[in-house]
Amino acid sequence: SEKLLKLAASVPRESLVAPGTCFGKFTKSQKFRLSVTALDFLAPYAKYKVWVKPGSEQSFLYGNHVLKSGLGRITENTAQYQGVVVYSMADVPLGFGVAAKSTQECRKVDPLAIVVFHQADVGEYVRNEDTLT
């Protein structure tokens, strides 16, 4: 935004890496790991979504995977290992992860099976307050 660029102009060039929002970091194996700071930009354009029940929201926000028992809805034709955005039942984006099971497998699996692997959630703002950039 223009407001951010104007504020960045007051910082010396040697101290400034880049103005903007950090979307994630590269791991040592050169894979890109998305950060929760990218959620606001990704959520409106997500093709695959998962909604969690109110009782499972807290568990997801503490960094746990989503179990079948906590699954409210899932987008049709979601493939296994597909990236998904996790929403509350009130359509509030909570975070994102990777689908552990496809939509068809989710219907048949037992209630304690993991259906979404946790990747990032808004609870990280509190948990990793000092290291989040």
Side-chain angles (χ1 to χ4, degrees):
S1 67
E2 281 188 47
K3 182 180 175 185
L4 184 63
L5 285 173
K6 287 179 183 177
L7 289 171
S10 64
V11 177
R13 285 187 183 253
E14 300 83 35
S15 303
L16 185 68
V17 175
T21 302
C22 178
F23 269 35
K25 296 179 181 179
F26 283 98
T27 63
K28 291 180 182 178
S29 61
Q30 297 304 310
K31 294 185 179 174
F32 191 73
R33 176 120 171 121
L34 279 172
S35 177
V36 68
T37 52
L39 181 64
D40 294 333
F41 298 95
L42 294 177
Y45 305 107
K47 185 174 180 182
Y48 300 106
K49 302 175 184 180
V50 170
W51 288 265
V52 293
K53 293 178 182 175
S56 294
E57 285 180 26
Q58 190 78 17
S59 176
F60 181 75
L61 293 176
Y62 278 128
N64 298 317
H65 303 305
V66 178
L67 302 177
K68 166 70 161 85
S69 60
L71 184 66
R73 291 186 297 176
I74 186 169
T75 307
E76 281 298 317
N77 301 324
T78 301
Q80 188 176 20
Y81 305 124
Q82 180 68 51
V84 295
V85 175
V86 179
Y87 284 88
S88 69
M89 292 303 277
D91 282 335
V92 176
L94 300 176
F96 45 85
V98 177
K101 308 275 186 212
S102 67
T103 304
Q104 289 75 23
E105 291 172 335
C106 285
R107 293 186 179 118
K108 297 180 257 180
V109 78
D110 83 289
L112 295 178
I114 296 172
V115 292
V116 176
F117 296 124
H118 175 273
Q119 196 167 25
D121 64 81
V122 293
E124 287 181 26
Y125 285 122
V126 176
R127 290 194 311 270
N128 301 331
E129 189 175 359
D130 53 338
T131 59
L132 202 60
T133 56

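- Under a hydrophobic clustering in which Ile, Leu, Val, Met, Phe, Trp and Tyr are joined whenever their side-chain heavy atoms come within less than 4.5 Å, directly or via other members, Leu71 and Leu67 fall into different clusters.
- Residues forming a ring-ring contact (aromatic ring centres under 6.0 Å, His included) with Tyr81 (at least two apart in sequence, or on another chain): none.
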Please tabulate, for the side chains in residues 97-106, all donor-acceptor contacts under 3.5 angstrom to protein atoms that are two or more places apart in sequence or on a different chain.
unit_1	atom_1	unit_2	atom_2	d
Ser102	OG	Glu105	N	3.4
Thr103	OG1	Thr75	O	3.0
Thr103	OG1	Thr78	N	3.0
Glu105	OE1	Ser102	N	3.0

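- Applying the side chain to side chain contact (heavy atoms under 4.5 Å, CB included) rule to Val11 yields the partners Ser15, Leu16; only residues at least two apart in sequence or on another chain are considered.
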Going by atom type alone, with no hydrogens or angles, which donor-acceptor pairs under 3.5 Å involve a side-chain atom of residues 48-56 and a protein atom two or more places apart or on another chain?
unit_1	atom_1	unit_2	atom_2	d
Trp51	NE1	Asp91	OD1	2.6
Lys53	NZ	Ser69	O	3.4

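- Note on residues 107-120: pairs passing side-chain hydrogen bond (donor to acceptor under 3.5 Å, both in side chains), not counting sequence neighbours, are Glu76-Arg107, His118-Asp121.
- For residues 2-26, the ring-ring contact (aromatic ring centres under 6.0 Å, His included) pairs, not counting sequence neighbours, are Phe23-Phe41, Phe26-Phe32.
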**Message:** Before you tell me yes or no, could you show the steps for Val115 and Ile74 under side chain to side chain contact (heavy atoms under 4.5 Å, CB included), namely the whole-Å CA-CA distance, both residues' side-chain angles and the distance that decides it to 0.1 Å?
**Reply:** CA-CA 10 Å; Val115 292; Ile74 186 169; over 6 Å; no

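- Hydrophobic clustering (ILVMFWY, side-chain heavy atoms < 4.5 Å, transitive): Val36 and Phe60 are in one cluster.
- One hydrophobic cluster, built from ILVMFWY side chains closer than 4.5 Å, cannot hold both Phe117 and Tyr62; they sit in different ones.
- Contact record, Phe96 with Leu39: CD2-CD1, 3.7 Å, taken as the closest heavy-atom pair.
- By the criterion of side-chain heavy atoms lying less than 4.5 angstrom apart, applied directly or through intervening Ile, Leu, Val, Met, Phe, Trp or Tyr residues, Val85 is not grouped with Ile114; the two fall into different hydrophobic clusters.
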